[in-house]
There are 2 protein chains.
Amino acid sequence: MSGAVWTSRLLSDSRRQIDKFHFVGDVFGLESGDEYLCSAEAIEDTVVAIYPRHIFESVSPADAVLSGQLVTALGHSLSRAREHMLLLGCKTAIEKIAAFLLSLADRLKNTVLTRPMTRLDIADHLGLTIETVSRSFTHLEREGLIETGTGRRSISLRDMRGLRQLDA
Amino acid sequence: MSGAVWTSRLLSDSRRQIDKFHFVGDVFGLESGDEYLCSAEAIEDTVVAIYPRHIFESVSPADAVLSGQLVTALGHSLSRAREHMLLLGCKTAIEKIAAFLLSLADRLKNTVLTRPMTRLDIADHLGLTIETVSRSFTHLEREGLIETGTGRRSISLRDMRGLRQLDA
DNA sequence: CGCATCATTGAGCTCGCTCAACCGTCGTGG
DNA sequence: CCACGACGGTTGAGCGAGCTCAATGATGCG
């Protein structure tokens with residue numbers, strides 16, 4: 001309903017993969033099995049609406065609409081996951097950063113991003129290290145493609161075309 | 001129904017990410033948007049059953065069961081995708097190969113794998129190169145964890161515990 | 001037998017990682 | 001109000017896992 005959350009998966013030695021950042025309106029936490037495999041953490045003051053799982057398991061005709069919405073939500077999650085696998089498996093560091101910024105701008109409907117997430121969060125989302133993320137931002141800024149505000153609190157995308165060109 | 005298929009996504013310069021290998025009984029090709037973003041290709045003689053999309057879009061009460069199956073299938077695809085993102089984002093080459101072999105053995109319910117896919121397919125699935133895949137197999141064989149048959153047509157998993165230990 | 005395809009192996013390189021120092025901002029307590 | 005410490009971010013130097021390029025080997029098919 002407001003705020004921001006990430007969901008992640010952990011490896012035994014604490015390597016972390018952040019699946020997705022969730023903002024207002026996003027649905028998350030849909031798991032199929034008996035146990036939850038994902039962790040979730042709020043990265044700023046956040047309010048979420050929680051629905052008990054049995055709601056989704058009902059098959060009564062009256063819930064046909066809800067069921068359809070569930071299918072839609074799952075479908076979106078899935079295509080986003082596929083997109084992200086393409087990013088993780090194929091793209092270079094700069095391409096990953098550019099793609100990340102573009103997708104964020106697209107989802108927030110704004111070319112000025114105020115990022116609640118840290119460099120470490122971004123790194124774990126993109127399969128990079130914190131230093132590589134930082135260096136990539138610096139590089140993009142030097143090229144004039146983005147502009148970081150004071151305190152690195154916000155990022156303005158200055159050249160969408162350039163960013164799209166960077167993203168393969 | 002029989003055979004083997006992979007689904008993949010392509011980048012403009014023909015870098016490829018193979019999402020998943022599909023075998024008998026697997027459901028694939030569920031896309032949410034108006035256009036298909038995935039390619040699919042059979043890697044051996046294959047027979048598939050095709051269902052027109054509108055079947056999944058019906059919300060009539062009679063289709064409640066089908067709808068439930070759809071949700072289940074989507075849920076499985078999603079959790080598999082999440083698992084694969086963890087692999088792509090966090091794991092090393094050897095860990096990727098070990099995880100891949102284990103998951104294949106698990107899905108085929110057999111520790112002897114006859115692989116229809118090529119080294120290039122595996123590489124594009126795991127975000128590696130063909131040479132790294134080859135070297136990893138050689139390494140695992142030297143360590144006695146696997147055994148490759150003549151012509152590299154099959155791979156026997158000799159030490160499941162060792163492989164699981166390699167996979168983080 | 002000859003060619004095509006796929007796999008292996010080696011040598012060298014590079015992108016991104018590791019390790020380490022430093023900087024800026026903010027919040028807290030003297 | 002300032003000093004200081006904590007935290008997150010930046011930058012540099014060097015390293016190494018995995019990539020590139022190239023040669024060689026195995027298998028199978030016409």
Side-chain angles (χ1 to χ4, degrees), chain A residues 4 6 11 13-18 41 43-44 87-101 113-143 146-155 166 168, chain B residues 6 11 13-18 41 43-45 87-101 113-143 146-155 166 168:
Chain A
W6 50 248
L11 243 39
D13 61 348
S14 84
R15 276 174 285 180
R16 184 178 67 148
Q17 171 64 35
I18 288 188
E41 189 167 317
I43 40 184
E44 60 183 358
L87 178 148
L88 290 171
C90 297
K91 295 186 182 178
T92 66
I94 288 282
E95 289 168 351
K96 287 177 178 179
I97 296 286
F100 173 68
L101 291 176
L113 314 173
T114 55
R115 306 163 303 106
M117 68 284 278
T118 68
R119 295 284 190 265
L120 184 58
D121 292 335
I122 300 174
D124 286 350
H125 182 52
L126 302 178
L128 298 172
T129 59
I130 191 175
E131 293 95 333
T132 301
V133 171
S134 184
R135 274 186 255 268
S136 300
F137 277 134
T138 304
H139 179 76
L140 289 178
E141 183 153 32
R142 276 207 239 280
E143 299 281 315
I146 64 172
E147 206 173 309
T148 58
T150 65
R152 275 72 188 139
R153 287 282 156 128
S154 70
I155 296 182
L166 268 188
Chain B
W6 51 249
L11 242 38
D13 61 347
S14 86
R15 277 173 284 178
R16 184 178 65 149
Q17 172 65 35
I18 290 189
E41 189 167 317
I43 40 185
E44 59 182 358
D45 289 349
L87 179 148
L88 290 172
C90 296
K91 296 186 182 179
T92 66
I94 288 282
E95 289 168 349
K96 287 177 177 177
I97 295 286
F100 173 68
L101 291 175
L113 314 172
T114 55
R115 308 162 301 108
M117 70 284 278
T118 69
R119 293 285 189 265
L120 182 58
D121 293 334
I122 298 175
D124 286 349
H125 181 52
L126 301 179
L128 298 172
T129 58
I130 191 176
E131 293 94 335
T132 300
V133 172
S134 185
R135 275 186 254 268
S136 300
F137 277 134
T138 304
H139 179 77
L140 289 178
E141 183 153 32
R142 277 207 240 279
E143 299 282 315
I146 63 172
E147 206 174 310
T148 58
T150 65
R152 275 73 187 141
R153 286 281 157 134
S154 69
I155 296 182
L166 268 188

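Nothing here was measured: the structure is a model prediction, and the numbers come from that model. Sequence lines set the chain letters: A, B, ... in the order given, protein chains first and strands last, and positions in each chain run from 1.
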request  = Using only heavy-atom distances, decide whether a donor-acceptor pair under 3.5 angstrom links the side-chain of B:R142 to the base of C:dT9.
outcome  = no

query = With sugar-phosphate meaning primed atoms plus P, OP1 and OP2, does A:L128 contact a base, only sugar-phosphate, or nothing at under 4.0 Å between heavy atoms?
reply = sugar-phosphate

task = Measure from CD1 on A:I130 to P on D:dT11 and round the result to the nearest Å.
result = 13 Å

task = Establish, with yes or no, whether the OP1 or OP2 oxygen of D:dT11 is under 4.0 angstrom from a side-chain nitrogen or oxygen of A:T138.
result = yes

query = For B:R15 and C:dC15, what is the distance between atoms CZ and P respectively, to the nearest whole Å?
reply = 13 Å

Polar side-chain atom of A:E147 near backbone of A:E141 as donor-acceptor pair, under 3.5 Å = no

Side-chain donor/acceptor of B:R135 to base of C:dG10, under 3.5 Å = yes

query = Does B:T132 have a side-chain nitrogen or oxygen under 4.0 Å from the phosphate oxygens OP1 or OP2 of D:dG18?
reply = no

task = Check the distance between D:dT20's C1' and B:D13's CG and give it to me in whole angstrom.
result = 15 Å

inquiry  = Output the rounded distance in Å from CD1 (A:I94) to P (C:dT14).
reply    = 18 Å

task = Enter the distance from B:M117:CE to B:I18:CD1 here, rounded to the nearest 0.5 Å.
result = 8.5 Å

ask   = Could you state the NZ-C1' distance from A:K91 to C:dC15, rounded to the nearest angstrom?
value = 18 Å

inquiry  = Just the rounded figure in Å: distance from P of D:dT10 to CD1 of A:I122.
reply    = 9 Å

query = Rounded to the Å, how far apart are A:E131 CD and D:dG8 P?
reply = 14 Å

remark   = Between the CD1 atom in B:I122 and the OG1 atom in B:T132, the distance rounded to the nearest 0.5 Å is 12.5 Å

request  = Hey, could you give me the CD1/CG distance between B:I94 and B:L166, rounded to the nearest 0.5 Å?
outcome  = 6.5 Å

remark   = The residue, B:S134 or A:G127, whose nearest nucleotide of DNA chain C is more 5′ is B:S134

key: B:I146, B:T114, B:L140 screened by side chain to side chain contact (heavy atoms under 4.5 Å, CB included) with B:I155, the one that passes   = B:I146

request  = Return the value, rounded to whole Å, for the distance between atom NE2 of B:H139 and atom C1' of D:dG18.
outcome  = 14 Å

